[in-house]
Every structure is written in C-alpha cells, then in structure tokens.
A.B. asks: 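Sharing a structure below in structure tokens format, with a few things to ask.
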Protein chains: 2
Amino acid sequence: MTVLDRAEARLLVVDDEPNIRELLSASLRRSGFEVITAADGREAVHFAERTRPDLVVLDVMLPDMDGFSVAGRLRDVNGQTPVLFLTARDATDDKVAGLRVADDYVTKPFSLEEVVARIRAVLRRTRGDLDIPARLQVGTLELDEEAHQVWVSGEPVRLSPTEFKLLHYFMVNTGRVLSKAQILDHVWNYDFGGDAGVVESYVSYLRRKVDVNEPRLIHTLRGVGYVLRPPRDD
Amino acid sequence: MTVLDRAEARLLVVDDEPNIRELLSASLRRSGFEVITAADGREAVHFAERTRPDLVVLDVMLPDMDGFSVAGRLRDVNGQTPVLFLTARDATDDKVAGLRVADDYVTKPFSLEEVVARIRAVLRRTRGDLDIPARLQVGTLELDEEAHQVWVSGEPVRLSPTEFKLLHYFMVNTGRVLSKAQILDHVWNYDFGGDAGVVESYVSYLRRKVDVNEPRLIHTLRGVGYVLRPPRDD
DNA sequence: TCGTTTTCTCAGCAAATGTTCAGCCTGGGC
DNA sequence: GCCCAGGCTGAACATTTGCTGAGAAAACGA
C-alpha cells in the first residue's frame, strides 16, 4: 500500500490472537502507519499511557477485561482517543451493550481493505485529517470513499461491495503491480478458502463496468499480476 | 457525525454510570460538541466553575447529591447555564415537579438522536443560536424541528415519532452513507435489543410517505447502508 | 376502559451478489 | 506458425441481502 516518508498516524492494535495481531500490524505498517501491539487490556492501557496513539484498534473480546472497559480506561488516560472495535459477526449482545461508544467497528472475519478504510475514515472524522483524501482519481476514474460512489468520465457507476473494495485497492496502489495472491489477501476476508480465480472474475467485472474507454487503465502482467496505470505512461 | 471546524458549543455531561457517560460524550463529540464529563455533583460544580460550559447534561440521580441541587449550585456559580436533565422513565411526581426547573429533559433509555435534538433546541432557545438551523431541506423535502413537522412538495405529512427521528437523522446526514447499525445506534434507544430488521421496515415506511416522487432521495447501497441524496448527482 | 396508533417481528419473495468452473482466447517462447 | 500455461468470460449455482405485507404486542389517548 501507500508508502510514506513519515507515519500517517500511530496506532495501537489490541488482540489476544497472535495471528490476527500480526496480520493487522504487518498490513497497517505497509499502509504507512506506525503500529504498536498489545495482547490484553492491561498491556493496552499501559502502552496507551506511554505512547499516546492516535487511534486504537481494539478486539471486544479480551482475556482479562472486555473491550468497553478498556476503551473507558483509554479515554480516562488519553483524552478522546478514537477507537475502532473488532467484533465477532454474531456478537449481538456486545453490540447492544457497548459498540455505540466505538467510533466505528469491523466484524471478524474482516478484509484488510476494510480495516484500513475504516481507520482512515475515523481519522478523517475525528482529526479532520486532510492528508487522508476522501476522493481518489485516476484518469477519468473517480472514487469517493465517504459517499461510496464511483464515476467514469463523470457518469456514476454502480458497483457491488466487492467490486468497490477491489477498485479502491487498485486506486490506492496506482502504478504498483499487485499479484492475485496479494489482492486476495487484502480485498477478501482473511478466512476466505477459495483460490485466486475469483480475482480474475472480479477484474473482469470491473473492466466491464469501469474500464470501458481507451486507453485502458487496468493492465494484466502475465504471470505477475495486475496494475492500474494512469494514462500516458504505458 | 457532522464534522465542524470549531465546536458548536461546550457541554458538561454529568452521570455516574461510566457507560452512559462514555456513550454520550463519544456521540456528542461526533456531533461536533466539545465535551467535558463529570461523575458526580461535586465534580460537576467544580468543572462548571472552571470551564463555563454552554449547557449541562445532568442525570437527576447522582450518588452524592440530587440533580436539582446540582442545577441550583451551577446557576449560583455560572449565571443561567441551561440544563438538560436525564431521568428514569417512571419519574414520580416530586421528580416531575423538579423537572420544571430544567430547560428540558430526556428520559432513560434515550436515543442519541433525541439527546442531540434537545440540546440543539435548548441552545437555540437560550442563546438564539442561529448556527443551528431549525429547518432542514433536501429536494422537495422539508422538516421543521421545532414544529416537529414535515412537508413533501409543500404538503404536510404525518409521521410517527420514530419515522420523524429517522428522517431527521437522514436529513442531518445528507449525502453521507449510513449503515443500518449506525442508524440503529442513533435513532433507537440505547437498550434496544432487536436486530437491524426494524430499520428496513422504517425505511420502507418513510419511502412510502415521503419519497414518493421521482427522483428518489433515499437510496439503498446493498451491503453498505442507505443514503439520502439530493436530486441530480445520482 | 376501549379503540387507535405505533412499534416490532417475521416469513416469503425478488433481486443482487459471490463463487466456481469449463471452454475459449492469447501472448510469447520455441 | 505451433503450442501451452495463464488469463478471460459466460453461465450456472448458491448464498446473501433487502423489501414488504400481515399480524402480535405494547403504548397511547380519549
């Protein structure tokens, strides 16, 4: 993902499952964030005190204390740190009880695209962060993250959620080659079991809906992957 | 969720339950207010002296002193700070009598929409705050918050309380995508246990009553949520 | 109190979306 | 030019999502 000279923001990732923690922190670092991790609530509060993160990604279910208490403590310690909750898809009770205090939340299993998008959205809202653009543009292609809308040469285009996420991933990585495996890892949920064939299907859908004019923007690199290239430097 | 350059007003939120305090302060901040919190009467008076809030949201039942005494003290200290009381639904007579001291009150469990609306109304009344519009308009849709009335192409429409709150939430967030969870969290009481199905029902009711003309204003974004979009940029 | 309004749930239907796959196409090495 | 692995795409199928009408239950008002 985007590589920046300086970190966009400092994040604290809190989850007791090492897999998830690693998955998230690696991916978020690649997206340009500075990342600190914690495995439980106690650790989270401790690190938050010392490092003053700009945002906390917090699993609702932790071994020592539930996420809401942690969020409360964090806010006691560190003013109005925004919190993005991670929660199981069917955690109905939790939602009712506490998710409203969250600035946003993502259900497990999530896709990395989704988490990054939510983090950016929250930072944009809570800090009015203008370094994080809500609107992307490549050639005649425009994408508004907040309005969840896409235009081709000014004409609105309807995309399904997956199509939208895929296009967004391409646009954030304009000019960078993305392998099918990489795309699968970022755009699809981390528990997706299928093979890279889906990616081909969705690239096909996208081209039909979004890449209709010459010069083409989405290019195939045989044996390597795909690139979204702006016009003129093909 | 409106993002503002400056805070609309400074609020002091007083409640001994941490959950409620967090819920309110997170949500009010998201609505553009600057928020200070206090857990009991003593703290409330102390903070009010120092920070001079524009309005105090005050739970009637506090561990150290009852809300009315607190309100009295606040007024001794800080002129005529308006107060919005929070009270249990089954308020007995003495309480109701006391509530006449309040500029307004909201019963628990409340919906965030309701609290924000009341706060705005009180600020409008007591400060003549013109930054806070009482009338919203989107396309041929008009909503008067104060008169609690809605017109479609100039024709008045009868809405139930929930329908009204939902429409208001849509209109305040024109152009912004709202997920069903988000809608549930803001428009329904915080103790609502049901699922997002109700939202679908109420959107259906609303469309039938207020979104009868082309072009449609309320759009469904499958898998994402709903948007109220003004005509012409679909 | 009784009738009316409102809220909420639910199930059946329709439509959109996600996934797989087989057959065809194509670029590039030989 | 021939071949073939890799890529493309239409079709089929499964799954998910959203819409709506009907009705039970609760709240409200006279």
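Reminder, nothing fancy here: chain letters follow the sequence lines and each chain counts from 1. The figures that follow rest on heavy atoms only: side chains count, while hydrogens, waters and symmetry mates do not.
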A.B. asks: Between D/dG10, C/dT6, D/dC19, which nucleotide has the shortest distance from any of its atoms to the side chain of B/P161?
C.D. replies: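 Among the listed nucleotides, the one closest to the side chain of B/P161 is C/dT6.
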
A.B. asks: Looking at the side chain of B/R158, which of C/dT6, C/dG18, C/dT7 is the nearest nucleotide?
C.D. replies: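 Of C/dT6, C/dG18, C/dT7, C/dT6 is nearest to the side chain of B/R158.
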
A.B. asks: With a 6.0 Å cut-off on ring centres, are B/W188 and B/Y169 close enough?
C.D. replies: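 No, the ring centres sit 6.0 Å or more apart.
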
A.B. asks: Can you identify which nucleotide, out of D/dG18, D/dC8, C/dT6, has its nearest atom closest to the B/S160 side chain?
C.D. replies: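 The closest nucleotide is C/dT6.
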
A.B. asks: Whether the side chain of B/R135 engages the backbone of B/E145 through a donor-acceptor N/O pair (distance < 3.5 Å, no angle test) should be reported.
C.D. replies: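 Not a single qualifying donor-acceptor pair exists.
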
A.B. asks: Under 3.5 Å, side chain of B/R125 to main-chain N/O of B/D103, donor-acceptor pair present?
C.D. replies: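 Yes, the answer is positive, given that a donor and an acceptor are paired below the 3.5 Å cut-off.
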
A.B. asks: Between D/dC8 atom C1' and A/L221 atom CG, what is the distance in whole Å?
C.D. replies: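 Value for this atom pair: 15 Å.
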
A.B. asks: Which of these nucleotides, C/dT19, D/dG18, C/dT9, is closest to any side-chain atom of B/F192?
C.D. replies: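 The listed nucleotide nearest to B/F192's side chain is C/dT9.
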
A.B. asks: Expressed in angstrom and rounded to an integer, what is the separation of A/D211 atom CG from D/dC8 atom P?
C.D. replies: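 So the CG-P distance, A/D211 to D/dC8, works out to 12 Å.
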
A.B. asks: Expressed in angstrom and rounded to an integer, what is the separation of B/Y226 atom OH from D/dC19 atom P?
C.D. replies: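 Value for this atom pair: 4 Å.
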
A.B. asks: Does OP1 or OP2 of D/dC19 have a side-chain N or O of B/S204 closer than 4.0 Å?
C.D. replies: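 For B/S204, the contact criterion (side-chain N or O under 4.0 Å from OP1 or OP2 of D/dC19) is not met.
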
A.B. asks: Among the nucleotides C/dT17, C/dT20, C/dT7, which one has an atom lying closest to any side-chain atom of A/V198?
C.D. replies: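 Shortest atom-to-atom distance from the side chain points to C/dT20.
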
A.B. asks: Identify whether any heavy atom of A/F164 sits under 4.0 Å from a base atom; if not, whether one sits that close to sugar-phosphate; answer base, sugar-phosphate or nothing.
C.D. replies: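 It contacts nothing in the nucleic acid.
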
A.B. asks: Quick check against the 3.5 Å criterion: does A/S27 have a side-chain atom that pairs as donor or acceptor with the backbone of A/L24?
C.D. replies: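 Answer holds: no.
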
A.B. asks: Specify the separation, in whole Å, of atom CG of B/D195 and atom P of D/dT16.
C.D. replies: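 Computing the B/D195:CG to D/dT16:P distance gives 16 Å.
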
A.B. asks: OP1 or OP2 of C/dT7 versus the side-chain N and O atoms of B/W188: is any pair under 4.0 Å?
C.D. replies: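 For C/dT7, neither OP1 nor OP2 has a side-chain N or O of B/W188 closer than 4.0 Å.
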
A.B. asks: When you check the phosphate oxygens OP1 and OP2 of C/dG18, does a side-chain N or O of A/S201 lie under 4.0 Å from one of them?
C.D. replies: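 Answer is no, no contact under 4.0 Å.
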
A.B. asks: Mapping A/E163 and B/K209 to their closest nucleotides on DNA chain C, which lands nearer the 5' end?
C.D. replies: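 Nearer the 5' end of the strand: B/K209.
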
A.B. asks: If I take atom CG in residue B/L184 and atom P in nucleotide D/dG18, what distance separates them, rounded to the nearest angstrom?
C.D. replies: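 So the two atoms are 13 Å apart, to the nearest Å.
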
A.B. asks: Between C1' on C/dA14 and CZ on B/R222, what's the gap in Å once rounded to a whole number?
C.D. replies: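 Whole-Å distance recorded here is 9 Å.
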
A.B. asks: For the pair A/D144 (side chain) and A/A147 (backbone), establish whether a donor and an acceptor sit closer than 3.5 Å, ignoring hydrogens and angles.
C.D. replies: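 Yes, A/D144 side chain to A/A147 backbone: donor-acceptor pair under 3.5 Å.
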
A.B. asks: Taking A/K209 for its side chain and A/R158 for its backbone only, find out whether a donor-acceptor pair lies under 3.5 Å.
C.D. replies: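 At least one qualifying donor-acceptor pair exists.
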
A.B. asks: Would you say A/K180 reaches D/dG7's phosphate, i.e. side-chain N/O to OP1/OP2 under 4.0 Å?
C.D. replies: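 Indeed, a polar side-chain atom of A/K180 lies that close.
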
A.B. asks: Between B/R207 and A/R208, which residue's closest nucleotide on DNA chain D lies nearer the 5′ terminus?
C.D. replies: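 Whichever sits nearer the 5' end wins; that is A/R208.
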
A.B. asks: Is any side-chain nitrogen or oxygen of A/T220 closer than 4.0 Å to OP1 or OP2 of D/dC8?
C.D. replies: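 Answer is yes, contact under 4.0 Å.
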
A.B. asks: Write down the distance between CD1 (A/I183) and C1' (C/dG18), rounded to a whole number of angstrom.
C.D. replies: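 Those two atoms, CD1 and C1', are 17 Å apart.
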
A.B. asks: What is the separation between atom OH on A/Y205 and atom P on D/dT9, rounded to the nearest whole Å?
C.D. replies: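 These atoms are roughly 11 Å apart.
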
A.B. asks: Under 4.0 angstrom, heavy atoms only, what part of the nucleic acid is A/G194 near: base, sugar-phosphate, or nothing?
C.D. replies: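 If one applies the 4.0 Å heavy-atom cut-off, A/G194 turns out to touch the sugar-phosphate alone, with no base involved.
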
A.B. asks: Of the nucleotides D/dT20, D/dC8, C/dT6, which one has an atom closest to the side chain of B/E200?
C.D. replies: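 Among D/dT20, D/dC8, C/dT6, the one nearest the side chain of B/E200 is D/dT20.
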
A.B. asks: Tell me what B/G197 touches on the nucleic acid: a base, only sugar-phosphate, or nothing, going by heavy atoms under 4.0 Å.
C.D. replies: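 No contact.
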
